[in-house]
2 protein chains.
Amino acid sequence: MYSIGEVSKMFQIPISTLRYYDKEGLFLGLEKNNSGIRIFNEKTIDALRLIECLKKSGMQIKDIKEFMKWCSMGDKTLKIRKEMFLKQKKTIEKEIEELNNALELIKYKCWYYDEAVKDNSEKRVKNITPSQMPSDIKKAYENSHK
Amino acid sequence: MYSIGEVSKMFQIPISTLRYYDKEGLFLGLEKNNSGIRIFNEKTIDALRLIECLKKSGMQIKDIKEFMKWCSMGDKTLKIRKEMFLKQKKTIEKEIEELNNALELIKYKCWYYDEAVKDNSEKRVKNITPSQMPSDIKKAYENSHK
DNA sequence: ACTTGACCTAAAGTTAGGTTTAGATAATAT
DNA sequence: ATATTATCTAAACCTAACTTTAGGTCAAGT
């Protein structure tokens, strides 16, 4: 059993955000005591862990809410919940791939500015063709310019 | 030389977004012909590729704009530009790590719902302890619940 | 009794990153 | 010549995800 303040500290999430999530229907099993104060239990902590994970992977609040609703509908929604996670797995894998692509261009830029700072000028590095670049930088450059 | 419509198709970015980026000062070398129509060249295409990359890694428009301004200020900003890319490299690497963590929980959930759908019930899978899970799932579960 | 700190709700405000609209000009095809 | 298509600007509008504000309740310590 945790208060909203404790949960806020545990997850480093503002209290206002936790209340907002509750208002949006993300904590379906969240109880309140008889003076209206929220009481978080292991189940809601689990839900919050999942919310953080789904949010990190780009899912919108309204879609997370829909999932939570399915959870409250029992076994008849098992299949759709499974499909949601399979789809989300693909989404995350694609995002990781795209970030790796972005990283290639950034690595090229790091090399570029390293050379430029050495010379205190872009003149020389600007004119280096891919065939003159170190092989890992060449790869990064070509990956990000196709 | 490309028109805004051609660039829009090449990058799959709405024309309105390209105009918005221009308005925000992201295309510092972008020229217009004498009737006010934008003419994109290789330099602005390069800038756009970089903008996409920085945006994908979570950088804000105003910070991208600041970088573009440094570019227009010549060699005295080489060092700060280099530092920006080094910092952004770390940011992306951290994001990839976090997405990999998120992926672990999603993989556990995929396994969980796969079992539940087999049984047409959560009853059995709900009570499986980490030590009874397949070893890769156990790892994923423990990684995402610490 | 009263002050302090943690909690509550409802409603308004904020921010980023666009998108849409309206009204105009320009280039192209028939 | 004229209709269509592409472009332009400025300004209003939109959405998601919060955050802040205002005004109030509640429990614990002094």
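In what follows, every chain begins at residue 1, and chains take the letters A, B, ... in the order their sequences are listed.
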DNA chain D-proximal residues of residues 2-14 of chain B, any heavy atom under 4.0 Å: B:Ser3, B:Ile4, B:Gly5
Gap between atoms NZ and C1', on B:Lys65 and C:dG17 respectively (whole Å): 14 Å
Pairs involving residues 115-146 of chain B, ordered by first then second residue, that meet ring-ring contact (aromatic ring centres under 6.0 Å, His included) (sequence neighbours left out):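 Pairs touching residues 115-146 of chain B that pass the test: B:Tyr108-B:Tyr141, B:Tyr141-B:His145.
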B:Asp46/B:Arg49 salt bridge by N-O under 4.0 Å criterion: yes
Salt bridge A:Glu115-A:Lys118, side-chain N to carboxylate O under 4.0 Å: yes
Strand contacts (DNA chain C) in residues 36-59 of chain A, 4.0 angstrom heavy-atom criterion: A:Gly36, A:Ile37, A:Arg38
Positions of residues 16-23 of chain B (non-hydrogen atom under 4.0 Å from DNA chain C), listed by number: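 Listed by number, they are B:Ser16, B:Thr17, B:Tyr20, B:Tyr21.
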Please table the atom pairs, donor to acceptor, closer than 3.5 Å between any side-chain atom in residues 56-66 of chain B and protein atoms at least two apart or in another chain.
residue	atom	partner	partner atom	Å
B:Ser57	OG	B:Cys53	O	3.3
B:Ser57	OG	B:Leu54	O	2.9
B:Ser57	OG	B:Gln88	NE2	2.9

Residue pair B:Gly25 / B:Met68: nearest heavy atoms and the distance that separates them: O-CB, 4.2 Å
5' to 3' contact window, DNA chain D with chain B (heavy-atom distance under 4.0 Å): D:dT7 to D:dT9
Listed by chain and number, what are the side chain to side chain contact (heavy atoms under 4.5 Å, CB included) partners of [X], not counting sequence neighbours?
X: A:Gln12; result: none
X: B:Pro14; result: B:Ser16, B:Thr17
X: B:Ile80; result: B:Trp70, B:Thr77

Test side-chain hydrogen bond (donor to acceptor under 3.5 Å, both in side chains) applied to B:Asn41 - qualifying residues, sequence neighbours left out: B:Thr44
Of all pairs that satisfy salt bridge (charged side-chain N to carboxylate O under 4.0 Å, His left out), the ones with a partner from residues 94-113 of chain B, not counting sequence neighbours: none
Salt bridge (charged side-chain N to carboxylate O under 4.0 Å, His left out) pairs, two or more places apart, involving residues 19-40 of chain B: B:Asp22-B:Arg38
Sugar-phosphate, base or nothing in reach of B:Gln60, heavy atoms under 4.0 Å: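 Sugar-phosphate, no base atom in range.
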Under 3.5 Å donor-acceptor, A:Gln132 side chain and A:Thr129 backbone: yes
Parallel, tilted or perpendicular: rings of A:Phe40 and A:Phe27 (30°, 60°):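 Geometry flag for A:Phe40 against A:Phe27: perpendicular rings.
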A:Lys32 side chain near C:dT9 phosphate (N/O to OP1/OP2, under 4.0 Å): yes
